[in-house]
Engineer: 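Okay, here's the structure, questions in a sec.
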Amino acid sequence: MANVIVIGAQWGDEGKGKITDLLSRSADVVVRYQGGVNAGHTIVVKGQTFKLHLIPSGILYPNTDCIIGCGTVIDPQVLIAELDQLEALGVSTRHLLISETAHITMPYHRLIDSASEERRGSHKIGTTGRGIGPTYADKSERTGIRVLDLMDPEGLREQLEWTINYKNVILEKLYNIPPLDPQQVIDEYLGYAERLRPYVVDTSLKIYDAVQRRRNILFEGAQGTLLDLDHGTYPYVTSSNPVAGGACVGTGLGPTMIDRVIGVAKAYTTRVGEGPFPTEIDGELGELLCSLGAEFGTTTGRKRRCGWFDAVIGRYAVRINGMDCLAITKLDVLDELEEIKVCVAYEIDGERSEHFPRSARQFARCRPIYKTLPGWRTSTSHCRSLEELPRQALDYLKFLAELIEVPIAIVSLGASRDQTIIVEDPIHGPKRALLHPDGTPASLLSA
């Protein structure tokens with residue numbers, strides 16, 4: 001039995017959906033613990049593409065229980081659309097469970113989110129405009145609507161009549177937006193409630209029961225470490241905690257019940273939205289990586305900024321998450337390059353630093369110190385074992401493992417499930433890694 005957390009080790013979009021999908025084949029339960037519809041997973045199975053925003057990617061396995069935890073914020077309209085999409089494609093959703101204490105994204109959240117971002121002007125933070133920040137703000141302000149409120153028609157009416165009138169003042173006076181009709185919103189959300197009611201349970205109790213029954217549980221986060229509200233590149237962050245610690249808060253499971261943390265990082269680095277990005281590549285090469293990697297957001301379609309692999313943020317992600325091993329994705333995107341750079345440290349105001357700075361202003365002054373490695377100039381998308389990789393590609397992976405001081409356990413070479421090198425099942429398999437920093441197999445955890 002193993003309880004495993006999968007986290008993003010960069011700014012999100014690392015390919016966590018594929019890695020979670022791969023690991024879900026050995027999991028009995030898959031749990032989403034934070035974020036909302038501002039995140040998305042793209043999974044390709046037998047040529048069929050699935051785009052998921054709220055439902056855990058384990059839903060594609062017919063006998064796997066999938067849970068949306070209390071730390072997630074739910075837009076019922078989007079969730080129901082996902083349910084309809086999956087069922088239309090022949091995917092059963094009968095194993096989905098929704099936390100009764102998860103918070104609900106309302107129409108006024110979306111309106112305030114978009115209007116607030118527009119009002120920021122040159123100080124935009126790159127929000128998706130999906131209402132996630134305002135939903136979490138109401139949660140902290142203790143004025144939010146939870147799933148269990150949605151299940152109580154009389155209580156919902158009472159709560160929303162006051163809340164919508166209050167939000168209308170903000171919409172009209174601050175943003176010059178026409179007011180919402182309280183009755184229309186109430187009727188709309190009561191309709192959503194009836195569709196979602198069969199899925200709603202006390203998910204913390206279900207997860208604890210699964211632990212007691214020694215079932216394998218996989219916890220998946222949205223976004224990535226550098227977008228964490230407390231530990232990311234603030235203020236250019238999300239409104240929740242994608243780091244491994246967020247899995248416990250966002251599900252109601254104690255930290256002593258977690259066995260492993262698996263990080264996911266691209267073989268290069270991408271970032272969506274605003275904020276400093278030391279290794280960002282401008283010009284034709286940046287455009288080439290964007291094109292080869294199909295770097296456009298699952299949720300918004302926004303173009304991702306591309307850069308070289310950053311070992312400084314890699315080491316930081318290892319430390320913040322207590323990471324046991326790493327999955328490297330999109331190695332094949334680098335196949336055409338003659339040379340590949342890796343950021344090994346920063347220069348900040350003339351001084352060398354190997355540590356991630358916490359100030360956004362200081363981070364903006366960071367200049368990458370690079371190590372240049374030779375490319376392999378041949379396709380790797382067909383490789384299914386380490387022995388099949390070009391020597392330069394293997395050297396590149398070993399160099400990354402050495403730099404960030406954590407073993408590499410999985411290498412992804414394309415979007416499909418089968419385009420993967422995985423030596424062991426991190427849930428059932430022995431505690432050893434694919435590539436240790438010194439290039440040899442080693443224990444993931446001390447005995």
Side-chain angles (χ1 to χ4, degrees), residues 8-19 40-44 49 51 126 224 226-227 233 236 264-314 326-344 346 366-383 388-400 403-404 408 410-416 419-421:
Q10 297 165 320
W11 275 285
D13 308 310
E14 300 97 346
K16 296 183 297 298
K18 176 183 174 177
I19 302 304
H41 289 331
T42 300
I43 303 164
V44 180
T49 300
K51 293 182 182 293
L226 275 295
L227 291 178
T233 49
Y236 305 101
V264 184
K266 283 176 181 166
Y268 49 103
T269 309
T270 62
R271 181 169 194 176
V272 171
E274 308 299 323
F277 186 2
T279 67
E280 185 170 10
I281 304 170
D282 296 319
E284 291 184 6
L285 184 53
E287 293 294 327
L288 176 63
L289 282 181
C290 183
S291 175
L292 293 174
E295 297 297 353
F296 298 91
T298 301
T299 298
T300 64
R302 289 186 297 177
K303 182 178 178 181
R304 298 175 187 138
R305 300 153 65 190
C306 295
W308 299 114
F309 188 91
D310 189 331
V312 179
I313 67 172
L326 189 68
I328 291 289
T329 64
K330 293 196 172 184
L331 182 69
D332 57 301
V333 173
L334 304 180
D335 285 350
E336 297 184 13
L337 303 187
E338 187 172 343
E339 292 184 337
I340 301 169
K341 293 182 179 180
V342 177
C343 173
V344 298
Y346 297 147
C366 289
R367 298 294 175 264
I369 298 173
Y370 286 120
K371 168 76 173 180
T372 302
L373 287 80
W376 41 94
R377 304 298 302 275
T378 186
S379 174
T380 58
S381 62
H382 65 283
C383 296
E388 295 179 66
L389 285 174
R391 180 183 57 81
Q392 294 90 340
L394 193 58
D395 289 344
Y396 179 70
L397 293 173
K398 289 179 179 179
F399 184 65
L400 298 188
L403 275 177
I404 63 175
I408 294 174
I410 299 171
V411 181
S412 173
L413 302 148
S416 297
Q419 292 180 299
T420 310
I421 299 173

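By convention here, the first residue in the shown sequence is residue 1. Below, all heavy atoms of this structure are taken into account, side chains as well, without hydrogens, waters or symmetry copies.
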Engineer: Could you measure the distance from the OG1 atom of Thr329 to the OH atom of Tyr268? Nearest 0.5 Å is fine.
Structural biologist: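 Answer for the OG1-OH pair, Thr329 versus Tyr268, is 7.0 Å.
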
Engineer: As a quick check of understanding, evaluate side-chain contact (heavy atoms from CB on, under 4.5 Å) for Leu334 and Leu289, giving each step before the final call.
Structural biologist: CA-CA 8 Å; Leu334 304 180; Leu289 282 181; 4.0 Å; yes

Engineer: Give me the atom names and distance for the closest heavy-atom approach of Tyr346 to Pro368.
Structural biologist: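 The answer is CD2-CA, 4.3 Å.
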
Engineer: Output the distance between atom SG (Cys343) and atom NZ (Lys371), rounded to the nearest 0.5 Å.
Structural biologist: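 The SG atom of Cys343 sits 14.0 Å away from the NZ atom of Lys371.
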
Engineer: Give me the atom names and distance for the closest heavy-atom approach of Ile404 to Leu326.
Structural biologist: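 Taking Ile404 first and Leu326 second, the nearest heavy atoms are CD1-CD2, 3.2 Å.
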
Engineer: Give the intermediate values and the outcome of side-chain contact (heavy atoms from CB on, under 4.5 Å) for residues Phe277 and Asp310.
Structural biologist: CA-CA 10 Å; Phe277 186 2; Asp310 189 331; over 6 Å; no

Engineer: Taking all non-hydrogen atoms of both residues into account, name the closest pair between Asp332 and Gly414 and its distance.
Structural biologist: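 Closest heavy-atom pair between Asp332 and Gly414: OD1-N, 3.5 Å.
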
Engineer: Side chain of Thr269, backbone of Trp308: donor and acceptor closer than 3.5 Å?
Structural biologist: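 The answer is yes, because a donor-acceptor pair under 3.5 Å joins these two groups.
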
Engineer: Given 3.5 Å as the limit, does a donor-acceptor pair link the side chain of Arg305 with the main chain of Thr270, or not?
Structural biologist: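 Answer holds: no.
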
Engineer: Can you give me the closest heavy-atom contact between Pro390 and Thr378, atom names plus distance?
Structural biologist: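 Of all heavy-atom pairs spanning Pro390 and Thr378, the closest is CG-CG2, 3.4 Å.
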
Engineer: Are the side chains of Thr233 and Trp11 in touch, meaning some heavy atoms are under 4.5 Å apart?
Structural biologist: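 Yes - at least one pair of side-chain heavy atoms lies under 4.5 Å apart.
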
Engineer: Using 30° and 60° as the class limits, which term best fits the ring planes of Tyr396 and Trp376: parallel, tilted or perpendicular?
Structural biologist: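 Tyr396 vs Trp376 ring planes: tilted.
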
Engineer: Answer whether the closest heavy-atom distance between the side chains of Leu288 and Leu337 falls below 4.5 Å.
Structural biologist: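 When only atoms from C-beta onward are counted, Leu337 and Leu288 do touch, with a gap below 4.5 Å.
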
Engineer: Do Ser412 and Lys18 have side-chain N/O donor and acceptor atoms under 3.5 Å apart?
Structural biologist: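 Side chains of Ser412 and Lys18: pair found under 3.5 Å.
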
Engineer: Measure the shortest side-chain to side-chain distance between Leu373 and Asp395 over non-hydrogen atoms and say whether it is less than 4.5 angstrom.
Structural biologist: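 Result no, sub-4.5 Å side-chain heavy-atom pair not found.
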
Engineer: Applying side-chain contact (heavy atoms from CB on, under 4.5 Å) between Glu295 and each of Lys303, Arg271, Lys266, report the one that passes.
Structural biologist: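 Among Lys303, Arg271, Lys266, the one that satisfies the side-chain contact (heavy atoms from CB on, under 4.5 Å) with Glu295 is Lys266.
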
Engineer: For the side chain of Thr380 and the backbone of Leu389, is there at least one donor-acceptor N/O pair under 3.5 Å apart?
Structural biologist: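 Not confirmed, Thr380 side chain does not pair with Leu389 backbone.
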
Engineer: Answer yes or no: is there a donor N or O on one side and an acceptor on the other, between the side chain of Arg304 and the main chain of Cys290, under 3.5 Å?
Structural biologist: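 Answer holds: no.
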
Engineer: What's the separation between atom CD in Gln10 and atom CG in Leu227, rounded to the nearest 0.5 Å?
Structural biologist: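 So the CD of Gln10 and the CG of Leu227 are separated by 10.5 Å.
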
Engineer: Using every non-hydrogen atom in the two residues, find where Leu226 and Ile313 come nearest and quote the distance to one decimal.
Structural biologist: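 So the minimum-distance heavy-atom pair works out to CD2-CB, 4.0 Å.
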
Engineer: For Gly12, is there any backbone N or O sitting under 3.5 Å from a side-chain donor or acceptor partner on Glu14?
Structural biologist: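 Such a contact is found between Glu14 side chain and Gly12 backbone.
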
Engineer: Quick one: pull up NE2 in His382 and CD in Glu388 and give me the separation to the nearest 0.5 Å.
Structural biologist: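 Interatomic distance, His382 NE2 to Glu388 CD, rounded to 0.5 Å: 6.0 Å.
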
Engineer: Go through Asp335 and Ser379 one step at a time and tell me if the side-chain contact (heavy atoms from CB on, under 4.5 Å) criterion holds.
Structural biologist: CA-CA 6 Å; Asp335 285 350; Ser379 174; 4.1 Å; yes

Engineer: Calculate, to the nearest 0.5 Å, the distance between atoms CG and CD1 belonging to Leu400 and Ile340 respectively.
Structural biologist: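 Nearest 0.5 Å value for the CG-CD1 distance: 9.0 Å.
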
Engineer: How about Glu336: does its CD atom have over 12 heavy atoms from other parts shown lying under 6.0 Å from it?
Structural biologist: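 Atom CD in Glu336 is not crowded, with 12 or fewer foreign heavy atoms closer than 6.0 Å.
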
Engineer: Any side-chain to backbone donor/acceptor pair from Thr279 onto Phe309? Under 3.5 Å, distance only.
Structural biologist: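 Checking the backbone N and O of Phe309 against the side chain of Thr279, no donor-acceptor pair under 3.5 Å is found.
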
Engineer: Can you name the closest pair of heavy atoms from Ala393 and Leu331 and give their distance?
Structural biologist: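 Smallest interatomic distance, heavy atoms only, reads CB-CD2, 4.5 Å.
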
